[in-house]
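Keep in mind that the numbers below use all heavy atoms, side chains included, and drop hydrogens, waters and symmetry copies. Each residue takes its place number in the sequence, starting with 1.
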Amino acid sequence: DATDPRVRKRLLSVMRYGLLDTVPQPNRQQLEAYYTQNKETYRTRPAVTLQHVFFSWDSEELPDHPATFREKLGAAEDPIALGETFYPTNRMRRATRPDLLGTFGPDFTDAIRDLAPDGHWHGPVESNRGVHYVQILENHPSTLPSFAELETYLKQDWLFNQTREGQQEKIDAMRRDYRIVIDEE
């Protein structure tokens, strides 16, 4: 156990498990208090719903005249069909800034940050994957879900935190009550 990290990790896990107590289910008053104290934890991030027409960097279909192509997009029945298929999708629903950064990179994310859902196509916008023409369908501001919407999650989080706090109290008590000596041979 002193030299093998896997054995040590397993021993610690077994010991922590032995310190678990059964935590009673919270009542509504406890959950409401927990919700009030932790509201910001449950606040959603601002997000955007968009669609984009994509062209890879080496595409021979890349439009030469952006303004004309934006007009063509506005008149098209299925504008997405005018470009290449983009993995994972040409339509993103409720994409947060981290979602956009992970998919498109910082240049794209910064370029569309202030665009409004005005029905217009914007672009070309460069990403780490190619060139895009973007239409913002909806901006979603940060919101705080209601207690009712979060009640199931609140209950799980409350139980988890109560379990961890109880476990930590027992660990702290053991540290106070026992003297630990490591014999270095």
Is any side-chain heavy atom of [X] closer than 4.5 Å to a side-chain heavy atom of [Y]?
X	Y	result
F55	P63	yes
V131	V125	no
L82	K72	yes
V48	L100	yes
Y34	K155	no
Q156	F160	no
P26	L159	yes

Any ion pair linking [Y] and [X] (charged N to carboxylate O, less than 4.0 Å)?
X	Y	answer
R28	E151	yes
R91	D78	yes
K9	D4	no

For the backbone of [Y] and the side chain of [X], can you confirm whether one donor and one acceptor N or O come within less than 3.5 Å of each other?
X	Y	answer
S142	T44	yes
R70	G123	yes
S146	E149	yes
N90	H52	yes

- Task: Taking atom types as modelled, find out whether E165 and N161 have a side-chain donor-acceptor pair closer than 3.5 angstrom.
- Result: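 No, no side-chain donor-acceptor contact under 3.5 Å.
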- Query: Is the gap between the ring centers of Y42 and Y153 under 6.0 Å?
  - Reply: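 No.
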- Task: Can you label the angle between the F86 ring and the F104 ring as parallel, tilted or perpendicular, going by 30° and 60°?
- Result: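 Parallel.
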- The single option from T49, L115, D114 passing side chain to side chain contact (heavy atoms under 4.5 Å, CB included) against I136: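 Result for side chain to side chain contact (heavy atoms under 4.5 Å, CB included) with I136: L115.
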- For D99, all residues meeting side-chain hydrogen bond (donor to acceptor under 3.5 Å, both in side chains), sequence neighbours excluded: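 Checked D99 against side-chain hydrogen bond (donor to acceptor under 3.5 Å, both in side chains); matches are T96.
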- Atom CE in M15, atom NZ in K170: separation rounded to 0.5 Å?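 Output value for this atom pair is 13.0 Å.
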- When rounded to the nearest 0.5 angstrom, what distance separates OH in Y35 from CG in L150?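 Going from the OH atom of Y35 to the CG atom of L150 covers 6.0 Å.
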